[in-house]
Protein chains: 2
Amino acid sequence: MENIYRTPSAHSEVHLGASILVVEDEAAIQELIALNLGQAGHEAVSAMDAQEALQRVRDSLPDLVLIDWMLPGMSGIDLVRRLRTNERTRNVPIIMLTARADEIDKLAGLESGADDYITKPFSIRELNARIKAVLRRRAPQMTEDPVNFKDLTLDPGTHRVSVKGSEISLGPTEFKLLHFFMTHPERVYSRTQILDHVWGDHVFIEERTVDVHIRRLRSALEPSHSDQLLQTVRGAGYRLTALP
Amino acid sequence: MENIYRTPSAHSEVHLGASILVVEDEAAIQELIALNLGQAGHEAVSAMDAQEALQRVRDSLPDLVLIDWMLPGMSGIDLVRRLRTNERTRNVPIIMLTARADEIDKLAGLESGADDYITKPFSIRELNARIKAVLRRRAPQMTEDPVNFKDLTLDPGTHRVSVKGSEISLGPTEFKLLHFFMTHPERVYSRTQILDHVWGDHVFIEERTVDVHIRRLRSALEPSHSDQLLQTVRGAGYRLTALP
DNA sequence: GAGCGCTGTAACATTATCGTCACAAGTTGT
DNA sequence: ACAACTTGTGACGATAATGTTACAGCGCTC
């Protein structure tokens, strides 16, 4: 299922000048990759171990992370898992680097949440191709354009929401929820659909949780006549509408 | 006859009343799962080994098969393979249960053709969520196209109904009832048929209940000369018609 | 490590809707 | 016209769906 919310810092021209974090303990390979990335027009940031990587990802939300399978301390796969389970870093694209062309490694890397993998030794050309592919795959899904609906304005870029001109503050989930509704107005969505779109497909969350967030969103929109905008359709779900 | 409203209701979720085969040799887990499935509204059928499972799948084509990784005789993976290579059983959704969170197990299970996997111990909630996800993935999409009839308009997407342009509000059942009639106009349906189509097949409801809902629907459509549209055919049933 | 904001869930409160009944009203056949 | 039957109608608990509140956990900041 499509996930509209690739939250991370994503601009429309991600293919060039992307910031890429390289997590690799061998200095030689590290430098080789960094050099190559630089030539390709990207900005390379490096981390020597998983801890440092976590820090940097949280810090600067790179457009892509290259992770070596073998790392001192926390393994590459564990690192992927950590990144995937954190709300903020969940959607950062990841490419794994595996030393052996071993089937299991590849699959385990993918399974754990990586977007792609490359087996060493790899050619520079192959690396570039895959980076481009991953970035491109992610790019079209990010809707960073400001959205308007009635007297609501939501700007994913600046992460701001305003009602009738005056700005309000929303938590991350309420923000995504509102963004989803504003990009899909006038249409009824079941709790399950909302969970799939806003939270993500593979999440095990009580459907009633949606209700609570709807309420929170409503009360945040309170100043406006939000009850009119975000209405509940009994037996079906919720809907954002301009009509009465 | 086509039946739009088979089991699922048009807009809410689809995963009730599914028949699920549980292939598990440990009686305790077997029962636990069966009990849970029953509570979730599904019909649980069980098989203790792969042979029995094959038989039952071929026999009754369940909506979903839960297969334990470790089975006496033929392994779970082999069972999956057998099911996948058989024309008749090729498309039955499968969820694997793996005892250890071992990477290889998971991957081999998916690789061999399962739709999803769960590692034991798993929470009831997770099981339910995955079952729902798999069933939903397979569920046929109900047509969400707006329907028009005379001066009536019904839009499943926005869940709105309007008579001569002005919107009216209907409860879920009346909504489905009207949708059914609008998609099957000019034809008489008995109370039993209406129950089957709108409520679902195996419901135990008084036929006279249909009358009451017809009345409610009529009075909701009142503003228009609905008495003409939704007419009674004595001794036979009801019909939505444009003719006088 | 204490404080803080956010989240998911449970528990309770509140409605909306449902299914059924009893009876009224209408229809049919004789 | 009368009985036998079918359908309309309004009311009424029961129930399921939603609103609302409170709370405990978690990660993050300082």
Side-chain angles (χ1 to χ4, degrees), chain A residues 7 51 54-59 61 82-90 159 168-178 188-192 194-195 198-200 203-222 226-227 230-239, chain B residues 9 11-13 16 39-41 123-126 128-129 159 168-178 188-192 194-195 198-200 203-222 226-227 230-239:
Chain A
T7 347
Q51 283 305 329
L54 270 176
Q55 188 60 39
R56 288 195 185 278
V57 172
R58 273 202 282 262
D59 200 37
L61 273 185
R82 288 288 298 270
L83 291 174
R84 283 291 184 254
T85 54
N86 182 302
E87 172 61 30
R88 194 167 139 71
T89 60
R90 180 192 305 283
H159 215 271
I168 65 176
S169 116
L170 294 179
T173 304
E174 276 75 59
F175 186 85
K176 282 187 275 184
L177 187 57
L178 179 58
V188 178
Y189 290 93
S190 71
R191 293 164 223 286
T192 303
I194 295 174
L195 277 179
V198 178
W199 274 258
V203 189
F204 315 113
I205 292 193
E206 290 295 325
E207 295 199 346
R208 289 303 311 277
T209 299
V210 175
D211 298 21
V212 179
H213 282 278
I214 289 281
R215 168 171 183 331
R216 286 169 180 160
L217 184 51
R218 275 176 176 158
S219 68
L221 265 35
E222 186 65 24
S226 60
D227 340 72
L230 200 51
Q231 42 188 227
T232 144
V233 181
R234 230 162 214 266
Y238 295 95
R239 157 180 69 189
Chain B
S9 69
H11 322 285
S12 55
E13 318 313 319
L16 278 183
Q39 277 188 329
S123 69
I124 296 297
R125 175 177 304 155
E126 181 177 2
N128 285 331
H159 214 273
I168 64 176
S169 126
L170 296 177
T173 305
E174 279 75 37
F175 187 88
K176 283 184 273 185
L177 186 57
L178 179 58
V188 181
Y189 289 92
S190 72
R191 293 168 173 72
T192 305
I194 295 176
L195 276 178
V198 178
W199 273 257
V203 277
F204 148 69
I205 288 188
E206 291 295 325
E207 292 200 347
R208 289 303 310 277
T209 298
V210 175
D211 298 23
V212 179
H213 282 278
I214 289 281
R215 178 201 173 292
R216 286 170 180 160
L217 185 50
R218 276 174 176 159
S219 69
L221 265 36
E222 186 66 24
S226 59
D227 342 41
L230 200 52
Q231 46 188 222
T232 303
V233 180
R234 205 153 231 278
Y238 297 95
R239 162 179 58 187

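Remember, predicted model here, so these are calculated numbers, not experimental data.
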**Student:** Under 4.0 Å between any heavy atoms, over every strand shown, what does A:V233 touch: base, sugar-phosphate, or nothing? Just pick one.
**Tutor:** sugar-phosphate

**Student:** Check this one for me: any side-chain N or O of A:R215 less than 4.0 Å away from OP1 or OP2 of D:dT18?
**Tutor:** no

**Student:** Measure from the side chain of A:P172, starting at C-beta and using heavy atoms only, and say which of C:dG8, C:dC6, D:dT21 lies closest.
**Tutor:** C:dC6

**Student:** Would you indicate which nucleotide in C:dA10, D:dT6, C:dT7 comes nearest to any side-chain atom of A:H213?
**Tutor:** C:dT7

**Student:** Taking CD1 from B:I194 and P from D:dT7, how many angstroms apart are they, rounded to a whole number?
**Tutor:** 11 Å

**Student:** Could you tell me the separation between the CD1 atom of A:I205 and the P atom of C:dC6, rounded to a whole number of Å?
**Tutor:** 17 Å

**Student:** When the distance from CG of A:L54 to C1' of D:dC28 is rounded to whole Å, what number comes out?
**Tutor:** 14 Å

**Student:** Between C:dG19, C:dG8, D:dG19, which nucleotide gets closest to the side-chain atoms of A:D211?
**Tutor:** D:dG19

**Student:** Counting C-beta onward and ignoring hydrogens, is there a side-chain heavy-atom pair between A:F204 and B:N128 closer than 4.5 Å?
**Tutor:** no

**Student:** Do B:R218 and B:T232 meet the criterion of a side-chain donor-acceptor pair at a distance under 3.5 Å?
**Tutor:** yes

**Student:** Let me know, please, whether A:R216 or A:R208 comes out on the 5' side of the other along DNA chain D by nearest nucleotide.
**Tutor:** A:R208

**Student:** Would you kindly give the CD-to-P distance between A:Q231 and C:dA16, to the nearest whole Å?
**Tutor:** 14 Å

**Student:** Nearest-Å distance, CZ (B:R234) to P (D:dG8)?
**Tutor:** 8 Å

**Student:** Take the protein atom CD of B:E206 and the nucleotide atom P of D:dG13, then report the distance between them rounded to whole Å.
**Tutor:** 19 Å

**Student:** Respond yes when some side-chain nitrogen or oxygen of A:W199 is under 4.0 Å from OP1 or OP2 of C:dT7, and no when none is.
**Tutor:** no

**Student:** Can you figure out which of C:dT28, C:dT7, D:dT21 approaches the side chain of A:E174 most closely?
**Tutor:** C:dT7

**Student:** The side chain of B:R218 is closest to which nucleotide in this list: D:dG8, C:dT9, C:dT20?
**Tutor:** D:dG8

**Student:** May I have the distance from A:H159 (atom NE2) to C:dG5 (atom P), rounded to whole angstrom?
**Tutor:** 17 Å

**Student:** Quick one: are A:L217 and A:F175 in side-chain contact, heavy atoms under 4.5 Å?
**Tutor:** no

**Student:** If the test is side-chain contact (heavy atoms from CB on, under 4.5 Å), which one of B:D211, B:V212, B:V210 qualifies with B:R208?
**Tutor:** B:D211

**Student:** With a cut-off of less than 4.0 Å, is there a side-chain N or O of A:T232 near OP1 or OP2 of D:dA17?
**Tutor:** no

**Student:** Please step through side chain to side chain contact (heavy atoms under 4.5 Å, CB included) for the pair A:R191 and A:Y238, ending with a clear verdict.
**Tutor:** CA-CA 8 Å; A:R191 293 164 223 286; A:Y238 295 95; 3.2 Å; yes

**Student:** What is the separation between atom CZ on A:R191 and atom C1' on D:dG19, rounded to the nearest whole Å?
**Tutor:** 11 Å

**Student:** When all nucleic acid strands are considered with a 4.0 Å heavy-atom cut-off, which category describes B:T209: base, sugar-phosphate, or nothing?
**Tutor:** base

**Student:** Does a nitrogen or oxygen in the side chain of A:Y238 sit under 4.0 Å from OP1 or OP2 of D:dA17?
**Tutor:** no

